[in-house]
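Right, one structure below, let's go through it.
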Amino acid sequence: MINEFFNPVKELAKGLSIILKNGLKNRVTLKYPEEQEKVRNNFRGKIKYEKDKCIKCGNCIKVCPAAGCISINEYFSIDMSQCIFCGNCVEYCPVNALSHTVEYTLAQSKKDNLILKEEIYGND
Amino acid sequence: MSLFYLLYIECLSFWKMPEWLIFIMWYIFNFILIVILMLLTVLFLVLFERKYLAFYTRRIGPDRAGYKGCFQTVADAIKLLFKENIIPKNADKFLFFLSPLIVFVPVLTVWALLPFSSGFYTFHSCCSILLFMAFLAIPAIGILFAGYSSGGNNFALIGGIRSCMQLIASEIPSFLVLASIVILSGSMDLSVIVKNQSGSILNWYIFPSFLGFTIFFICSLIIMNRLPFDFPEAESELVAGYNCEYSGMKFAMFFLAEYAMTFILSALVVVLFLGGYNAPFDFYITDCFNLSVILREIFINFEQFFWLIFKTGIIIMLIMLIRAAYPRLRTDKTLDLCWYIFIPLSIFNLFIAIIIKYMRGIL
Amino acid sequence: MNNSTLKNTTILNVGPQHPSTHGVLRLKCELNGERIIKIEPIIGYLHRGMEKMAETGSYLQYLPVVDRIDYLSGFFCSFAYLDAIEKLMDIVCPLKALYIRTITMELNRISSHLLWLGCYLMDLGATSPFFYAFIEREKILHIFEKLAGARMMYNYYTLGGVKNDINKELLGEIKVFAGNFNKQLKEFEDLINNNPIFISRTAMIGVLEQETAVNYSVTGANLRASGILKDLRKDFPYLIYKQIEFDIPYKKSGDSYSRYIVRVKEMKESCKIVNQCLDWLYSNIEDLKINLKINTAKIKPEGEAIGQVESPRGLMLCYICADGTNKPSRVKWRTPSFYSVQLINEIAKNYLVSDLMSIFGSLDVIMPEVDR
Amino acid sequence: MFQEFKTKFNIQKEEFILPDINKFYINKDDLKQVLRFLKETDRYLFETLECIIGKDNTNNALELIYALFSSKYNTKCAVSINIQDDFSVPSVVEIFPCANFDEREIYDLLGVRFINHPKLERILLPSDFEGNPLRKNYKMQDDRLRWNYE
């Protein structure tokens, strides 16, 4: 009977010791704006588009799961609010005109800034 | 009358005031001091708890407002001040406004009863333990009113009912343990209890009634709704329990009351069992410098105040550690715990206290 | 005048927005005081029309969307979908791709169980184990980010195998993780396994008899906790589970506590599988054949097929009926949580409200799977 | 293995669902009889109904496939029925309680009415939604998809 009373107390103490032991380990928080997560180059971030390489074949539209995200009627544009960064367009583009960048901070103040048009691409 | 009262009369003797006005001004002045002390400790406790829990989960805790997050609680308070006061449509308006007060005011008055040091206590009465526990029973009724009056919100209703169940279950064992302390110390006045525990660490009351200490500690956890027993506002089940519908200043009042109750109950545990403001080995630093009587009296009080705060800090850190480590108990398991285990144990503890008192009487 | 007040029972809406319903599920429970009389789960708040989306897009367009069926275990859903197509077009993946698929799926099972462990203990009130579980899970997500380029939405499997290769540095990282994972798990077990408060909250609560489990076609850890030893990896071994030796943890009593124990043991087994796959992958690093490079224009399968996989929550089937064009004519997902949601009325009857959270949490129900 | 079952219900058409599940076509009325037979006789013991797959083959014909699994013999089989125009099928909730949500979902997405189902309502879509999305004749009014309908 004694063991049945002291066993729970022993378990509670063991739990407490683990919590105390965890107190001494190093901190894991990442102070976001100052320390950013360093990401490798195969990270699927914002899509980059080179105008001269593109042959306007429309392959990327056929492959893109988000319907209506890419449109190439008069100029090439990607709607960043629809894009799910799956990388299909980059993979199936015959001339590698599209490629991933490592940038993942894409918040904008206005909604139509999210639609990346060709002339914005032209100069960078 | 205590030394401070004499000092106070001297300072006021320049203005020719009637006798009764000085007497009343003394209590008002003391009460304002207590309110300031409480606000400071609550501000510190809220931030300390978040940092302390973050320490055990390998995080840093809030460190954006102020140097290392020191103004975080002030920022929270100001934010809550400007939050819109939403009153649910079919809420019982009068009770909805009253319940934060019912929860907050008794905790504030209880602060006045606690003997912070030999000279400094606002309200001195021969049965201050009874007053203490009587005032600490009222917030549970406030929580019930809060739950009942927030419209048709069933979460708040269940939270309120749970707080009453809890209160009754935990009051009885704590009163029995208080009875054993009163037997040991001979009087119901808190400052007398502390005086009887002066001297070395051996005649603290934790050693003769260690069983009483554990029971009272767990029952105080139940009264102040701390984690293993925080049923009225169990986040994962009742969303936010009784303070579901409260926002703005009223929510801040509930929040303030909870932390004030945490401090005051752990201070009570210290006063009853760990020899309130007595230094552990009856050694005061102020004795080494040979000061004049009045100066020594003042510094002794400050040092005793430090000892009380130091011991309460240890108890509060233990309470917060328990919050970090353990899951929540089920409501009916807690009631079984109180009715079936704590009450017989506290009666047994009463016998031990009587036997020890009798043995001390013979030696 | 809603009739609940007549029968002096209160209707408690454990609403779509609630801290511990793991997503948007509404449990309309009728309470008598705190005892539960009847619970009616109302679902459909997270319905995204996954099956209709499959019919509008081609096989390739639907592939990235498939990870979102159960966003905690993306690899399992994409494997089920691709398994069905590979059977239709009888493609056989190279051996190394099979090993890479197995190791990523087992790591994904560990990360999904870790998230369940953290949330389950947060439901019961213990705040700090939640953070320890997420610290461990973060390591796995880092490995996936280096491997597939994204933390949770991988789009890493393709029709003939996997997209990019595992290099030596990543294998080393997985070995380091698998090495000290058992030590971390042991720390968890000391903290929680026989903690008296945890036992009082979960032992003999929400008991699932074998008969109701079979009737409600429950699968996965919930079934194995009630004593029925049924695991797809042993009954119909797919991928390379035939060459790997591992055993299936199970318990007899079927209450929330044994479901917890079964899932913790499953994490240990997955760690064993990961270690065995690591040894094979180390031995042939230089074999670079991981993808069949199938020309996507030729994906025009014909007929019906069912892709099956043992996901962390149970048996997941993906039925594809293809009619020769490049768009599937019908894709049907059989997800395990859809059936364990119906259980809640059977096993949570006349328990208390606080037990409801410990029962529902132990069933590991994830809402995207239920609503698809 | 299914010889005795085929002779009892004289099933002519039989097909294969890959990997190795054979599918039997039966007519609508003796659906309950077949499922009870497959569940109770100790020769088969298909006691778990894994899922009910609703399919819309074009020109207004629906097909319901009941996927069964017997853990004793570790085999899977499927029973399927074709429904032409009046879409009403006897519900199998008494035999397999798990079919409750399945049948409500098929009613919701395909519009098949199940006779004496305890609570036949829409489950996934909002209750005031009209039309059944998974039917082939359900037209989506979203022009962003025009690229897919080329």
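Keep in mind that the numbers below use all heavy atoms, side chains included, and drop hydrogens, waters and symmetry copies. Order of the sequence lines fixes the chain letters, A, B, ..., with proteins taken first and strands second; residue numbering starts at 1 for each chain.
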Of all heavy-atom pairs between [X] and [Y], which one has the smallest distance, and what is that distance?
| X | Y | value |
| --- | --- | --- |
| P64(C) | I84(A) | CB-CD1, 4.3 Å |
| L12(A) | P196(C) | CG-CG, 3.8 Å |
| R44(A) | A148(C) | NH1-O, 3.0 Å |
| N88(A) | L60(C) | ND2-O, 3.5 Å |
| I61(A) | Q61(C) | O-NE2, 3.7 Å |

| request: With a 4.5 Å cut-off on heavy-atom pairs, point out which of C64(A), G45(A), G87(A), S17(A) contacts chain C the most. | output: C64(A)
| query | Of all of L16(A), N7(A), N22(A), which one pairs up most often with chain C through heavy atoms under 4.5 Å apart? | reply | N22(A)
| request: Tell me, for F85(A) versus chain C, whether the close heavy atoms (under 4.5 Å) come from the side chain, the backbone, both or neither. | output: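 Contact with chain C: none, neither part.
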| task | Any chance you could lay out the salt bridge (charged side-chain N to carboxylate O under 4.0 Å, His left out) test for R40(A) and E173(C), step after step, and finish with the verdict? | result | CA-CA 15 Å; R40(A) 271 166 50 131; E173(C) 207 168 305; over 6 Å; no
Taking atom [atom1] as the centre, does [X] end up with more than 12 heavy-atom neighbours from other residues, nucleotides or ligands that are less than 6.0 angstrom away?
| X | atom1 | value |
| --- | --- | --- |
| K186(C) | NZ | no |
| K25(A) | NZ | yes |
| K56(A) | NZ | yes |

| request: To the nearest 0.5 angstrom, please state how far the NZ atom of K21(A) sits from the CG atom of D190(C). | output: 7.5 Å
| said: I need the L191(C) CG to I18(A) CD1 distance, nearest 0.5 Å. | reply: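 Result: 5.0 Å between the selected atoms.
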Below 4.5 Å from any heavy atom of chain A, which atoms of [X] appear? Answer side chain, backbone, both or neither.
| X | answer |
| --- | --- |
| R151(C) | neither |
| Y132(C) | side chain |
| I135(C) | side chain |
| L147(C) | backbone |

| said: Could you walk me through whether K163(C) and E91(A) satisfy the salt bridge (charged side-chain N to carboxylate O under 4.0 Å, His left out) test, starting with their C-alpha distance in whole Å, then the side-chain angles of each, then the deciding distance to 0.1 Å, before giving a yes or no? | reply: CA-CA 10 Å; K163(C) 280 195 178 150; E91(A) 194 185 334; 3.0 Å; yes
| remark: Counting heavy-atom pairs under 4.5 Å with chain A, the top scorer among Y154(C), Y62(C), F131(C) is Y154(C)
| said: I'd like to know which of K146(C), M153(C), E138(C) tops the heavy-atom pair count under 4.5 Å against chain A. | reply: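 Max contact count across the listed options: K146(C).
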